[in-house]
There are 2 protein chains.
Amino acid sequence: MSVQELAASPLFAGLDPAYLEKLARIALLKKFERGQTVFAEGDPGNGFYLVQSGRFKIFKLSFDGKEQILHLLGAGEPFGEVAVFTGRSFPAAAEAMEKGRAFFFARDDFVRLIATEPSLAMNMLAVLSMRLKKFAQMIESLSLKEVPGRLATHLLLLSDQQDGAARLRLSITKAQLASLLGTIPETLSRILAKMSREGFIALDGPMITIANREGLAELAMGAIRI
Amino acid sequence: MSVQELAASPLFAGLDPAYLEKLARIALLKKFERGQTVFAEGDPGNGFYLVQSGRFKIFKLSFDGKEQILHLLGAGEPFGEVAVFTGRSFPAAAEAMEKGRAFFFARDDFVRLIATEPSLAMNMLAVLSMRLKKFAQMIESLSLKEVPGRLATHLLLLSDQQDGAARLRLSITKAQLASLLGTIPETLSRILAKMSREGFIALDGPMITIANREGLAELAMGAIRI
DNA sequence: CGCTGCGTTGAGCTTCTTCAACGATCGTGG
DNA sequence: CCACGATCGTTGAAGAAGCTCAACGCAGCG
């Protein structure tokens, strides 16, 4: 497995090349087709994955089949690590959103390595901490904001990730965005339409242009409503 | 600072006494009064805390003052660690719910120690992983379940934590329980009353008795409604 | 005694979901 | 090449869930 690919991940950044070599030796590259399940919620978690290519989603399903996306992952991002350290089953399901590959690291092999390399442990702590922070924001959004507020927050975040660009391309379907925001496509569609009508954004298929950043920011923090 | 107290925490369990001694030397015991703020969301996170006594809550506030409790903490539980590893500010606020004390560990001191003691790192990874799992369940609850389902889930969890006891004592006020469940006291009150009317539970002040465990389990997973 | 925090209940209203229908796009197989 | 089904997105009408606002009882405590 290519050491360079591993080094590109935040999880393995800054590690000694000798360690990367060891990691590469225990990694197993797996292929996934669009829609293929990586693991289901509750499956025994004997290791974790690192995305090599393609995109993957981590999600929860309700009794009646509604989906809540917890995480969207691209190249270099790990998933399924929680099960490694709790020593139990996966707390959510994972699925490939498109054709792609992921490295698999078996728990025992990985734990052996992490126990001897403090900077790997520190990197992993940083990854888990970032995730916790993100989850805390998600909980805040779901419980304290209405859908327009969550959407505004998300759009501003997207813009930030692209150096403040006003013109954004949704890289996921609107149905998936709805699932990420904890709502349903119909509601999202209505709210996008309303935001457009009121001049906050401009819509054009999968393109969204931020037309009133201050207004969106006020929506995001709940200072105003639409 | 007492080494025994530190050793009782899951975070420091199984560590070499010599390391506990080092930890004890960098720990700083702070006192808090009921209602006192430990840190606000956004404060610079220069270290983390470990509860010695009393209870603390971690929470988010909305623009108009509504509160979402993320976490309730008792003796031996750490909080504020996320900021240590993301190197940034606290992602939520912390407050003492009653008179209590907490050890404070400064970031730099702690990072020095954790980098030399793999089992401390592994413990910390386990703690963060458990939290992530809990947050994932919270997100699932908020987005995929209605209030009766969340309440049922919580009651069953409480019962599990007490070896399956049917008679539970709420250790927090109902207003705080509402905040933990992502709702408001009025709604919680109504749903408790309805659950009692329909025979799922029996109410008596702060005591709740599980009268129909199977029914509650079906409520919890969303199989039935009330 | 009066105050404050906690809990409950009622009425009205907002938000969101459900259910249904429909247009557009796209890939596939006949 | 066209027809078909599937996915995606949008819109409307109706209903459910939960929130807001208000009032009130009750207990603990200065």
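Naming: A, B, ... by sequence-line order, numbering from 1 per chain. Atoms considered below: every heavy atom in the structure, side chains included; atoms not considered: hydrogens, waters and symmetry mates.
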Can you name the one residue among A:F59, A:F90, A:F104, A:F56 that meets ring pair (Phe, Tyr, Trp, His ring centres under 6.0 Å) with A:F79? A:F56
Could you check whether A:K60 pairs with A:E41 (Lys NZ or Arg NE/NH1/NH2 to Asp/Glu carboxylate O, under 4.0 Å)? yes
Among B:K66, B:Q68, B:E67, which residue satisfies the side-chain hydrogen bond (donor to acceptor under 3.5 Å, both in side chains) criterion with A:S143? B:Q68
For the helix from C:dC1-D:dG30 to C:dG30-D:dC1, what angle lies between the axis at the first five pairs and the axis at the last five pairs, to 10 degrees? 30°
Measure the distance from CD on B:E146 to C1' on D:dC19 and round it to the nearest whole Å. 15 Å
Rounded to the nearest 0.5 Å, what separation is found between the CE atom of A:M130 and the CZ atom of A:F135? 12.5 Å
Would you say the rings of A:Y49 and A:F105 are close, in the sense that their centroids are separated by under 6.0 Å? no
When the distance from NZ of A:K66 to C1' of C:dC16 is rounded to whole Å, what number comes out? 9 Å
Do B:K31 and B:Q36 come close enough that some side-chain heavy atom pair is under 4.5 Å? no
Take A:R225 and B:I226, find for each the nucleotide of DNA chain D with the closest heavy atom, and name the residue whose nucleotide sits nearer the 5' end. B:I226
Starting at the 5' end of DNA chain C and moving along, which residue's nearest nucleotide shows up first, B:A193 or A:K145? B:A193
Between B:E98 and B:R55, is there a side-chain N and carboxylate O pair less than 4.0 Å apart? yes
Rounded to whole Å, how long is the line connecting atom CG of B:L142 with atom C1' of C:dT15? 16 Å
Does anything in residues 174-191 of chain B reach DNA chain C, meaning a heavy atom under 4.0 Å, and if so which residues? B:K174, B:A175, B:E186, B:S189, B:R190
CD of B:E98 versus P of C:dG5: gap in Å, rounded? 18 Å
Check: A:R167 and A:Q162 side chains under 4.5 Å, non-hydrogen atoms: no
